[in-house]
Asks: 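A single structure is presented below for examination.
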Amino acid sequence: MSEYDARGKANRALLISVDDYRTLPPLPAVRDNVHKLEQALLAPGTDLFTKGEVVTCRPQEPWEVEQALDTVVQEARGLLLVYFAGHGRVGSDGGNLHLMVGASERRHKTVSWQDTVLSYLDNARADRIVIVLECCYAGNASEAFHSCRHPTSLLMAAQPNRRIFSGEEPTGGSVFNRALVRILEQGIPGRRFVTFEDLVRALREQLAGERTPMGDVWEPRSAKQNTVDDVILSFATPEARPPTPLRIRLRRRLKPSLRRWTGVLLILAMILVPAVTGVVLLRLPDDGAPCPPALELRLLTAPEAEPALRQAAFDYEMSETNTRPLTGEGDLPDGCRRAQITVYSAARDQVDQGFAAAERWQGEALGTGKARPADKGFAPLNRPGPQPDIWIPESTADYDEARRGMPAATSPATLHYSAPVAYTPLVVGIPESRRLDDVEPADASWPELLTQTDGSHHDLSLLRPSPVLSGTGLLHTLGLYLAHDGPAGTSAGAPDLTLARQAEERLSAPGSQYAGSTELLCSLRPDTGTDAAGSVDRAKSAPLVTEKSLADYNLGHAIGSCPARPSALPFRNRYLAYYPRSVPALDHPLVRVDWQGATDATVRKAAVARFAGWLRAPDGGQRTLTAQGYRGVRETSPPPGSPLRDSRADVDPVGPVVPFTAGPEQVSQVLDGYDKAQKSSQVLILMDTSTSMADGGRLPVALSAAGRALEMAGPRHTYGLWAFPDRAHPADAGAVRELVRLGSADPAPGKAALDRIAGGELVEHGAAMEEALTRALRTMKKSPATNKAIVLLLDQDDGAARRAASVERTLGTLLEEKPDVPILALVLGPSGCDTFAFRQLAGASHGQCVPAGPQAVDTLAGRIASIGTAAKGDR
């Protein structure tokens with residue numbers, strides 16, 4: 001996993017602490033928090049912030065917090081750290097967290113987490129934002145947090161709906177703060193530095209014996225938004241610490257000198273300039289920003305590749321290639337960044353839609369975009385994101401499909417394909433305890449793999465990422481259908497549809513598809529609790545993934561939404577990589593994207609070319625990418641130090657790298673064959689439209705998830721859309737609004753209904769989930785569809801207080817009756833999937849509960865895509 005190193009950039013830390021209140025109980029334990037944390041951040045061993053970069057604030061009025069936030073968000077360019085210690089308050093529904101300042105009363109003069117703090121941070125110019133909330137109900141901050149637009153990591157002092165301050169801890173800092181400071185100052189044994197995820201794990205360990213004032217186990221929580229990489233927060237370590245790089249030490253020494261000489265030159269100018277007849281214009285360096293703004297390049301990629309490319313982008317920004325003066329490009333000071341690269345990701349289908357609707361994509365950025373009926377609710381600036389200057393898809397097959405969907409003559413976007421920047425072979429992971437007899441891992445044919453994993457042999461379920469959402473899934477399908485000796489014909493022709501169906505029946509298992517191989521492998525991790533939800537049996541699963549992701553899984557690296565483990569997985573939980581013969585590797589080509597009418601097209605073209613050259617250079621990007629577990633473009637064998645060479649990775653470091661040779665026509669034929677091989681499916685989208693969904697940025701997430709489900713609608717994939725509660729029957733807890741009848745194939749009525757909900761068509765009384773779900777289950781049990789599921793979108797169940805005991809019994813009975821109807825739930829409330837009710841629903845129905853998070857919509861989309869692959873008799 002890549003780690004963001006902010007040393008050498010303009011970093012800021014805003015430390016907010018309130019211990020003395022006018023109307024609320026004082027917090028004497030918090031009095032020393034800011035001072036102790038400031039000392040830790042400025043300690044030589046921490047080696048991240050310098051004097052003047054740490055700002056303290058002890059606010060009595062809300063405007064003081066706003067003023068401090070406004071200052072740091074404008075000044076920070078690297079890392080922005082915001083810490084708050086004090087009282088916190090939430091509403092009766094557990095939402096709308098408020099931070100309390102000295103003058104705060106229970107409902108007045110407070111600082112809104114959602115409307116104030118997050119709004120200011122949305123305007124930040126920092127590369128990364130880290131927020132630490134040490135207050136009562138800090139865990140409730142996660143629901144609104146997912147509306148953030150910047151790469152942000154959030155550490156909450158405790159789980160949702162918990163108080164943490166008793167106000168009676170000894171002075172010298174609160175319990176949480178003392179643990180935080182100790183970790184940042186002393187480091188962690190075996191680690192060269194302390195990252196955000198390291199800090200979360202260490203805090204959980206140190207507070208494991210503590211209890212909150214409510215008597216609960218004290219468990220800090222964390223969340224991320226728009227980022228899957230990690231952030232270094234301290235370089236302290238109990239081990240021998242490597243020296244700070246020379247370039248960073250020089251910059252730190254030059255900054256104070258620069259400020260002093262700036263003042264001297266200004267005084268001399270004031271004295272001398274009026275005394276001379278000629279006027280000499282001196283270019284004095286700006287104290288706050290000695291370097292002019294760098295050119296921003298936007299890099300779009302797949303979620304699986306985002307962490308590695310974020311690290312590569314950072315390394316490039318700080319490299320000599322990007323900071324040395326260039327002839328003919330003005331007098332930019334040496335050491336200033338010429339380009340700044342913003343890396344973001346989206347699922348394959350969203351990228352295809354973006355380029356297919358490039359005119360609207362560009363129009364929305366300029367404020368002139370208009371939706372077309374074919375867009376099906378597509379919001380390009382939400383997903384995929386801003387218009388890219390660079391696109392690095394997972395494979396050339398992704399590029400071919402995007403080109404096929406673009407208008408031939410009217411698109412304002414032009415894609416310029418260039419060579420790959422890295423390779424990663426595709427593999428099938430076989431449980432270590434169930435190795436295949438007489439099959440060579442480094443050269444396994446698909447007939448051998450299919451035979452040895454069938455019900456007569458090892459009885460393994462083949463799990464594959466969705467070919468619609470993932471480039472990995474697409475290329476695995478391409479390799480399976482077109483492998484020379486595989487079951488679906490040869491690489492020279494089109495797939496045989498009969499053989500394709502036979503292959504898909506082996507790949508089909510309820511809930512077998514995911515949005516990418518990292519989320520698939522995350523679901524198989526033994527420490528994720530997925531067994532309790534009944535989603536997968538890791539001992540009987542064979543994931544079709546990439547070599548890199550399987551190595552990350554086995555080594556315990558962060559993968560998908562699963563954080564890094566302290567060590568590699570034990571042997572019994574690892575998978576051995578089998579390399580299907582003739583299956584092409586992901587080749588990660590670099591595609592330059594030119595936009596019609598751009599006034600700086602020439603400058604951007606040159607900047608992209610410099611970055612592309614650096615990415616392919618052995619002493620540049622290749623060093624970064626191979627260190628992350630990719631194969632190089634010149635020397636495909638991993639170099640020393642690559643995680644692929646770790647024996648615990650259970651991959652073959654000299655395994656074959658098969659080049660991509662299929663043509664665009666073959667790619668489209670494979671996707672067409674895949675579509676025709678799927679079984680028909682039916683989903684009922686059951687959506688909570690109570691007014692509480694409008695809080696904390698939940699509604700846009702739910703609407704996006706419902707919109708993704710509608711994109712899969714068609715003649716063989718029908719849907720229905722129900723909303724609850726029903727405003728026409730407020731006294732009936734089980735009443736629902738049937739917005740679109742079950743069995744509809746046209747997504748347009750669903751899109752229109754979602755637009756009305758987005759426009760404010762919400763209901764002002766609580767949503768009784770169990771009653772609405774009981775009615776939905778009754779309907780779906782009677783549906784003649786073979787493959788069906790309920791997609792449940794809600795924040796929380798509001799009906800428990802007035803629910804009859806018979807409702808829960810009825811729901812339990814329905815869940816046990818045949819046929820099975822999986823419930824795929826996206827829970828956006830403060831407790832997420834942690835509650836017993838949602839885990840029980842997922843387990844009893846053979847479905848899944850998806851907690852809110854950066855990848856939640858894509859994860860749910862992958863699970864919905866798998867409904868059409870579930871055939872009778874599947875394991």
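Predicted model, so just to flag it, every value in this text is computed and none were measured. When a residue number appears, it is its place in the shown sequence, counting from 1.
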Asks: In terms of ring plane angle, is the pair Trp218 and Phe176 parallel, tilted or perpendicular, where the classes change at 30° and 60°?
Replies: parallel
Asks: Applying ring pair (Phe, Tyr, Trp, His ring centres under 6.0 Å), can you list everything that pairs with Tyr423, at least two apart in sequence or on another chain?
Replies: none
Asks: By salt bridge (Lys or Arg N to Asp or Glu O under 4.0 Å), which residues pair with Arg191, not counting sequence neighbours?
Replies: Asp198
Asks: Do Arg241 and Asp47 meet the salt-bridge criterion of a basic N to acidic O distance under 4.0 Å?
Replies: yes
Asks: One thing to verify: whether Lys548 and Asp552 come together as a salt bridge, which I'm taking to mean a side-chain N less than 4.0 angstrom from a carboxylate O.
Replies: yes
Asks: With a 4.5 Å heavy-atom cut-off, do Thr626 and Pro638 have their side chains touching?
Replies: no
Asks: Please say whether more than 12 non-hydrogen atoms of neighbouring residues, nucleotides or ligands are located less than 6.0 Å from CZ in Arg204.
Replies: yes
Asks: Please test Leu207 against Glu210 for side-chain contact (heavy atoms from CB on, under 4.5 Å), starting from the C-alpha separation and ending with a verdict.
Replies: CA-CA 5 Å; Leu207 296 175; Glu210 300 285 346; 3.9 Å; yes
Asks: Flag the pair Arg634 / Pro618 as yes when at least one side-chain heavy-atom distance between them is below 4.5 Å, and no otherwise.
Replies: yes
Asks: Any carboxylate oxygen within less than 4.0 angstrom of a Lys/Arg side-chain nitrogen, looking at Lys224 and Glu197?
Replies: yes
Asks: With rounding to the nearest 0.5 Å, note down the distance linking CG in Leu203 to CZ in Arg182.
Replies: 9.0 Å
Asks: When you compare the side chain of Phe193 with that of Asp230, does any pair of heavy atoms fall below 4.5 Å?
Replies: no
Asks: Tyr578: what forms a ring pair (Phe, Tyr, Trp, His ring centres under 6.0 Å) with it, not counting sequence neighbours?
Replies: none
Asks: CZ of Arg648 to CZ of Phe571: how many Å apart, nearest 0.5 Å?
Replies: 14.0 Å
Asks: Does Arg201 come within less than 4.0 Å of Glu205, counting only side-chain N to carboxylate O?
Replies: no
Asks: So, does His150 use its side chain to make a donor-acceptor pair with the main chain of Asp122 at under 3.5 Å?
Replies: yes
Asks: Take Arg631 and Leu644 through the side-chain contact (heavy atoms from CB on, under 4.5 Å) test and state the conclusion after the steps.
Replies: CA-CA 9 Å; Arg631 304 287 192 99; Leu644 301 179; 3.7 Å; yes
Asks: Which residues pass the side-chain contact (heavy atoms from CB on, under 4.5 Å) test with Thr518, not counting sequence neighbours?
Replies: Glu304, Ser549, Ile559
Asks: Between Asn322 and Glu317, is there a donor-acceptor pair closer than 3.5 Å when you use the side chain of the first and the backbone of the second?
Replies: yes
Asks: If the threshold is 4.0 Å, N to carboxylate O, is there a salt bridge linking Lys9 and Asp127?
Replies: yes
Asks: Can any side-chain N or O of Arg538 pair as donor or acceptor with the backbone N or O of Arg525 at less than 3.5 Å?
Replies: yes
Asks: Going by side-chain contact (heavy atoms from CB on, under 4.5 Å), name the residues that satisfy it together with Leu42, two or more places apart in sequence or in a different chain.
Replies: Glu38, Phe49, Val54
Asks: Would you confirm whether Thr301, through its side chain, and Ile392, through its main-chain N or O, come within 3.5 Å as a donor-acceptor pair?
Replies: yes
Asks: Where the side chain of Glu394 meets the backbone of Thr472, is there a donor-acceptor pair that is under 3.5 Å apart?
Replies: yes
Asks: Return yes when atom CZ of Arg298 has more than 12 non-hydrogen atoms of other residues, nucleotides or ligands closer than 6.0 Å, and no otherwise.
Replies: yes
Asks: With side chains defined as the heavy atoms from C-beta onward, is the minimum distance between Ile131 and Tyr83 less than 4.5 Å?
Replies: no
Asks: Between the side chain of Arg221 and the main-chain N/O of Leu155, is any donor-acceptor distance below 3.5 Å?
Replies: no
Asks: Within the distance-only criterion (no hydrogens, no angle test), does the side chain of Arg128 pair as donor or acceptor with the backbone N or O of Leu79 below 3.5 angstrom?
Replies: no
Asks: For the pair Glu134 (side chain) and Ala85 (backbone), establish whether a donor and an acceptor sit closer than 3.5 Å, ignoring hydrogens and angles.
Replies: no
Asks: Report yes or no: does Glu239 contribute a side-chain atom to a donor-acceptor pair with the main-chain N or O of Gly190 at less than 3.5 Å?
Replies: yes
Asks: List the atom of Leu184, the atom of Ala236, and the distance in Å for their closest heavy-atom pair.
Replies: O-CB, 3.3 Å
Asks: With sequence neighbours excluded, tell me which residues meet ring pair (Phe, Tyr, Trp, His ring centres under 6.0 Å) with Tyr4.
Replies: Phe314
Asks: Is any side-chain heavy atom of Leu15 less than 4.5 Å from a side-chain heavy atom of Leu41?
Replies: yes
Asks: Between Tyr575 (side chain only) and Ala551 (backbone N and O only), is there a donor and an acceptor less than 3.5 Å apart?
Replies: no
Asks: Just how far is it from atom OG1 of Thr424 to atom CD of Glu547, taken to the nearest 0.5 Å?
Replies: 5.0 Å
Asks: Other residues, nucleotides and ligands only: do more than 12 of their heavy atoms fall within 6.0 Å of CD on Gln39?
Replies: yes
